[in-house]
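Below is one structure, written out as structure tokens; comments come after it.
In this text the structure is predicted, and so the values were computed from the model without any measurement.
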Amino acid sequence: MTALLTIEDLTVSFGTSAGRVKALNNVNLTLDEGKVLCVVGESGSGKSTLALTIMGLLPQNAEISDGRIMYKDIDLLRAGSEQMRDLRGREISLVFQDAQSALNPIEAIGPQLEEAILAHRDTSLRNANKMAQDMLYEMGMADPKRVMGQYPFALSGGMCQRVMMAMALVMRPKLLIADEPTSGLDVTLQAEILHRIRELVKEQNASVLLITHDMGVVAAMANDVGVIYAGNVVEDAEVVPLFRRPQHPYTWSLLQALPRIDDPGRRIEPLPGSPPDMIKLPPECPFLPRCFKAQNQCRTDPKPKLAEIEQGHMVACYNPVLPDEDA
């Protein structure tokens with residue numbers, strides 16, 4: 001399997017008045033061609049920072065102190081601004097979490113879509129307009145011509161999300177980064193958005209980095225899963241082994257908090273405690289205060305590194321969860 005995107009030892013922090021926020025800490029992930037990699041974790045774990053780092057859209061107070069991001073043979077962290085502008089939209093596209101905020105509020109939908117096309121293709125405005133309308137229709141817009149003349153504030157959240165999907169997919173990118181694309185949408189629209197992403201993968205042999213906190217979406221979409229906690233990848237595995245045999249106590253706890261159709265009588269166990277202060281991350285495992293498997297080594301040794309516990313299943317834990325083990 002050929003890797004399309006490889007993230008190696010990525011470390012990102014943000015300077016604030018209260019101190020430096022350690023958003024990502026030595027993150028390692030790989031996305032293969034034609035596959036879907038889901039990155040899952042609680043809010044504030046660093047998932048969106050990962051997406052913005054790949055796209056080269058971090059704010060000015062961000063600092064990348066280590067690592068590299070290889071897209072094919074290009075290191076995105078060291079690519080020039082012109083090269084990144086050429087890649088964005090044409091080969092790598094991002095669907096933002098809040099579609100209504102991501103769209104320009106004082107410009108109609110049509111010019112925003114046309115701009116994305118004209119930036120990467122030598123074509124006429126008339127042809128760009130037609131491509132934009134066709135893409136909106138593919139996204140389920142019944143009257144794309146009318147939508148093209150409207151402003152974002154006149155559209156519902158679901159319609160704005162479709163527009164963002166159209167903008168991201170109109171150039172048929174090889175890599176789609178979708179940051180919570182179904183957040184806040186009704187279940188019907190969620191299913192439709194996920195269906196469009198599957199079609200992109202199937203028809204274009206594209207790869208998708210899907211960022212979510214919804215384990216149901218992970219189960220439905222992922223080939224591989226990276227679990228992030230407090231800016232650290234704590235588990236990395238194919239989706240079926242991860243759901244059947246979660247090894248890290250954090251992953252195990254996330255799955256215990258989900259209802260099960262096959263076991264309706266099982267008690268749902270919420271994850272106790274809160275994530276750590278990202279400014280004052282401890283040298284040991286950041287999950288330690290919430291972990292039911294903590295032992296002396298977890299308190300005295302530096303945080304564990306990702307290690308292969310079984311073929312293709314990476315875990316960062318000194319005392320992983322055994323199969324069928326209870327808390």
Side-chain angles (χ1 to χ4, degrees), residues 1-10 24 26-42 45-47 50-51 54 69-72 174-182 191 194-195 197-229 231-258 260-263 271 287 293 304-325:
M1 193 66 67
T2 304
L4 181 70
L5 182 75
T6 305
I7 301 168
E8 301 175 358
D9 298 323
L10 182 62
L24 295 174
N26 300 109
V27 169
N28 290 274
L29 290 168
T30 300
L31 173 58
D32 293 327
E33 288 185 355
K35 298 294 184 181
V36 178
L37 168 65
C38 280
V39 175
V40 64
E42 292 172 287
S45 60
K47 305 187 301 297
L50 177 62
I54 295 170
I69 302 174
M70 299 302 298
Y71 171 74
K72 298 180 180 178
K174 291 297 294 180
L175 171 60
L176 174 67
I177 303 171
D179 187 2
E180 302 277 9
T182 60
L194 296 178
H195 175 67
I197 294 175
R198 286 194 202 97
E199 284 187 335
L200 173 72
V201 174
K202 183 178 180 181
E203 295 172 5
Q204 306 294 325
N205 194 36
S207 303
V208 179
L209 179 64
L210 182 58
I211 295 170
T212 184
H213 62 267
D214 189 333
M215 297 300 284
V217 171
V218 174
M221 295 294 296
N223 299 111
D224 302 288
V225 186
V227 182
I228 290 187
Y229 182 78
N232 298 268
V233 177
V234 296
E235 191 159 3
D236 184 10
E238 294 182 359
V239 64
V240 173
L242 183 116
F243 273 80
R244 288 182 176 174
R245 299 183 302 278
Q247 302 285 309
H248 197 279
Y250 177 59
T251 311
W252 188 92
S253 298
L254 288 179
L255 294 175
Q256 294 305 303
L258 297 177
R260 293 280 296 269
I261 296 177
D262 59 344
D263 189 9
L271 181 59
F287 190 62
K293 291 279 290 177
K305 297 181 179 180
L306 276 177
E308 192 171 51
I309 199 165
E310 57 185 32
Q311 186 174 4
H313 197 145
M314 309 289 288
V315 181
C317 185
Y318 292 124
N319 189 25
V321 179
L322 300 176
D324 303 319
E325 184 174 3

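For the atom pair CD (E42) and CD1 (I228), the distance works out to 12.5 Å, reported to the nearest 0.5 Å. Between the NE2 atom in H248 and the CE atom in M314 there is a gap of 13.0 Å [rounded to 0.5 Å]. One distance of note links CG of L306 with CG of L29; it measures 8.5 Å at 0.5 Å rounding. The NZ atom of K174 lies 7.5 Å from the CD atom of Q204; values are rounded to the nearest 0.5 Å. Within the model, atoms CG of L254 and CD of Q256 stand 10.0 Å from one another, a figure rounded to the nearest 0.5 Å. Here the CZ-CD distance, from R198 to E203, works out to 13.0 Å after rounding to the nearest 0.5 Å.
Checked by atom type and distance alone, the side chain of S207 pairs as donor or acceptor with a backbone atom of G34 at under 3.5 Å. A donor-acceptor pair is defined here as one N or O able to donate and one able to accept, closer than 3.5 Å; such a pair exists between the side chain of D214 and the backbone of G216. At distances below 3.5 Å, at least one donor-acceptor pair connects side-chain atoms of N28 with backbone N or O atoms of D9. In this structure, the side chain of N319 engages the main chain of K293 through a donor-acceptor pair within 3.5 Å. Checking side-chain atoms of K35 against main-chain N and O of V201 turns up no donor-acceptor pair under 3.5 Å. In this structure, Q247 contributes its side chain and E235 its backbone to no donor-acceptor pair below 3.5 Å. A donor-acceptor pair under 3.5 Å is absent between the side-chain atoms of E238 and the main chain of L242, judged by distance alone. No side-chain donor-acceptor contact under 3.5 Å links T30 to the backbone of T6.
Considering all non-hydrogen atoms of both residues, A222 and C38 come closest at CB-SG, 3.6 Å. The minimum heavy-atom distance between G312 and E308, with the atom names listed, is N-OE2, 2.8 Å. The shortest non-hydrogen separation linking P320 to I309 is CG-CD1, 3.4 Å. Between P181 and I197, the shortest heavy-atom distance links the atoms CG-CD1, 4.3 Å. When all heavy atoms of A51 and I177 are compared, the pair lying nearest together is CB-CG2, 3.7 Å. Taking every heavy atom of both residues into account, V27 and G231 meet most closely at CG2-O, 3.6 Å.
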**Request:** Under the side chain to side chain contact (heavy atoms under 4.5 Å, CB included) rule, what do F243 and V218 come out as? Steps first, then yes or no, please.
**Result:** CA-CA 10 Å; F243 273 80; V218 174; 3.8 Å; yes

**side chain to side chain contact (heavy atoms under 4.5 Å, CB included) between L175 and Y71, worked out** = CA-CA 9 Å; L175 171 60; Y71 171 74; 4.2 Å; yes

**Request:** Could you go through the side chain to side chain contact (heavy atoms under 4.5 Å, CB included) check for Y250 and L271 one step at a time?
**Result:** CA-CA 9 Å; Y250 177 59; L271 181 59; 3.7 Å; yes

**Request:** Go through M221 and V208 one step at a time and tell me if the side chain to side chain contact (heavy atoms under 4.5 Å, CB included) criterion holds.
**Result:** CA-CA 10 Å; M221 295 294 296; V208 179; over 6 Å; no

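Between L209 and the options L4, L176, V36, I54, a side chain to side chain contact (heavy atoms under 4.5 Å, CB included) holds for only I54. Tested against V225, the residues L210, V239, V39 include a single side chain to side chain contact (heavy atoms under 4.5 Å, CB included) partner, V239.
Side chains of L10 and L50 form a contact here, defined as non-hydrogen atoms less than 4.5 Å apart.
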